[in-house]
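Down below is the structure, laid out as structure tokens.
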Amino acid sequence: MARQMVAFGVAPYSEVSVEAAVPTVAEVKRLADPLPDAWLTSWNTGAPATPPPGFPDLNRPAPIRELSGDLAWVEPYLPVGISMLDQPVGSIEDRFAAVVGPHLGEIRWTSLAWPEVPDQDFCGEYNHAEVTMLFNCDSRELEPRTDQHTVLVHVRRRNGDGYEDRRAAWLAERIGQKVVGPPQHV
């Protein structure tokens with residue numbers, strides 16, 4: 001369903017980003033091969049302020065390709081986020097979906113284009129036209145953990161007049177679906 005919605009709104013300048021929460025060193029190693037261009041960032045607020053000599057500081061994004069050998073030094077930085085941002089649509093989605101496994105994660109397509117629909121009072125939309133596929137959670141904050149995947153369709157909010165509900169429903173109808181949950185306002 002997410003890909004159908006993306007196909008409906010994709011534009012030449014659209015991009016895709018992926019991110020997952022990785023809780024163990026073994027999983028960092030497992031994800032490094034299929035995602036060699038990914039970056040790691042510590043999500044641990046108690047992580048060391050200074051990395052061991054000769055290793056990257058995971059308090060800032062670091063390329064996963066710079067990690068090699070024994071990754072035991074990564075342990076105090078866990079959990080880490082693994083991400084690839086602003087990639088061409090179609091370039092990383094399959095690889096990421098195949099390896100995200102039980103981890104909390106997301107695929108987020110941005111810079112889509114929702115069309116103008118004058119008879120519905122919908123203007124063309126580019127700034128608030130996104131689709132997010134959530135893995136094992138139902139919130140963009142990647143928590144709490146759930147046993148499901150969720151698709152979020154991003155539309156412009158307008159003055160509490162129901163515009164976003166009508167726009168989301170109209171978009172879902174274009175791909176033979178319907179909105180099943182309440183809006184999430186971020």
Check step by step if side-chain contact (heavy atoms from CB on, under 4.5 Å) holds for V28 and L40. CA-CA 9 Å; V28 170; L40 288 180; 3.8 Å; yes

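- Although no hydrogens or angles enter the test, the distance criterion places no donor-acceptor pair under 3.5 Å between the side chain of S42 and the main chain of A47.
- Contact of the L58 side chain with the W43 side chain is not registered, since no non-hydrogen atoms from C-beta on lie closer than 4.5 Å.
- Counting heavy atoms from C-beta on, the side chains of M1 and V151 come closer than 4.5 Å.
- Shown here are the ring pair (Phe, Tyr, Trp, His ring centres under 6.0 Å) partners of Y13, two or more places apart in sequence or in another chain: there are none.
- Between the D57 side chain and the T50 main chain, no donor and acceptor come within less than 3.5 Å of each other.
- Of the inter-residue distances, the one linking F135 atom CZ with H103 atom NE2 reads 12.5 Å to the nearest 0.5 angstrom.
- Nearest heavy atom pair, residue A62 against residue P56, reads CB-CB, 3.8 Å.
- For the atom pair CG of L171 and CD of Q177, the computed distance is 12.5 Å after rounding to the nearest 0.5 Å.
- Looking at E125, its side chain does come within 3.5 Å of a backbone N or O of N127 through a donor-acceptor pair.
- In this structure, the side chains of V22 and L31 come closer than 4.5 Å at one or more pairs of heavy atoms.
- Between D94 and R3, at least one side-chain nitrogen of the basic residue sits less than 4.0 Å from a carboxylate oxygen of the acidic one, meeting the salt-bridge criterion.
- Looking at W114, its side chain does come within 3.5 Å of a backbone N or O of H154 through a donor-acceptor pair.
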Take V16 and F96, measure what side-chain contact (heavy atoms from CB on, under 4.5 Å) needs, and give me the verdict at the end. CA-CA 11 Å; V16 62; F96 182 81; over 6 Å; no

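- Residues T150 and Q148 are in side-chain contact: their nearest non-hydrogen atoms beyond the backbone lie under 4.5 Å apart.
- Between the R108 side chain and the T132 main chain, no donor and acceptor come within less than 3.5 Å of each other.
- Side-chain atoms of P36 and M84, non-hydrogen and from C-beta on, never get closer than 4.5 Å to each other.
- Side chain of R95 to backbone of S91: a donor-acceptor contact under 3.5 angstrom is found.
- Not counting sequence neighbours, N44 has no partner by the side-chain hydrogen bond (donor to acceptor under 3.5 Å, both in side chains) test.
- Using a 4.5 Å cut-off on side-chain heavy atoms (C-beta onward), I82 and W39 make no contact.
- Other residues, nucleotides and ligands contribute over 12 non-hydrogen atoms within 6.0 Å of the CZ atom of R174.
- We find the CD-OG distance between Q87 and S14 to be 14.0 Å, quoted to the nearest 0.5 Å.
- Side-chain N or O atoms of R145 include none that pairs as donor or acceptor with a backbone N or O of N136 at under 3.5 Å.
- Side-chain atoms of H149 and M133, non-hydrogen and from C-beta on, do get closer than 4.5 Å to each other.
- Checking side-chain atoms of R30 against main-chain N and O of V99 turns up a donor-acceptor pair under 3.5 Å.
- Residues V18 and E93 have side chains not in contact (no heavy-atom distance under 4.5 Å, counting atoms from C-beta outward).
- When all heavy atoms of S111 and A11 are compared, the pair lying nearest together is O-CB, 4.2 Å.
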Test side-chain contact (heavy atoms from CB on, under 4.5 Å) applied to E15 and L85, step by step: CA-CA 8 Å; E15 297 176 323; L85 306 179; over 6 Å; no

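- Under the 4.5 Å side-chain heavy-atom criterion for Ile, Leu, Val, Met, Phe, Trp and Tyr, F122 and Y126 are members of distinct hydrophobic clusters.
- Distance alone, capped at 3.5 Å, places no donor-acceptor pair between the N59 side chain and the P51 backbone.
- Of the possible polar contacts, none joining the E27 side chain to the V25 backbone as a donor-acceptor pair under 3.5 Å is found.
- When all heavy atoms are compared, the tightest approach of A113 to A129 is N-CB, 4.0 Å.
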Could you go through D165 and V179, starting from their C-alpha distance and side-chain angles, then the distance that decides it, and tell me whether this counts as side-chain contact (heavy atoms from CB on, under 4.5 Å)? CA-CA 9 Å; D165 297 335; V179 175; over 6 Å; no

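- For the side-chain hydrogen bond (donor to acceptor under 3.5 Å, both in side chains) test, residues two or more places apart in sequence or in another chain that qualify with S139 are E141.
- Exactly one of D86, I92, I107 qualifies for a side-chain contact (heavy atoms from CB on, under 4.5 Å) with S17. That residue is D86.
- In this structure, the separation between CD1 on I175 and CE on M5 is 4.0 Å, given to the nearest 0.5 Å.
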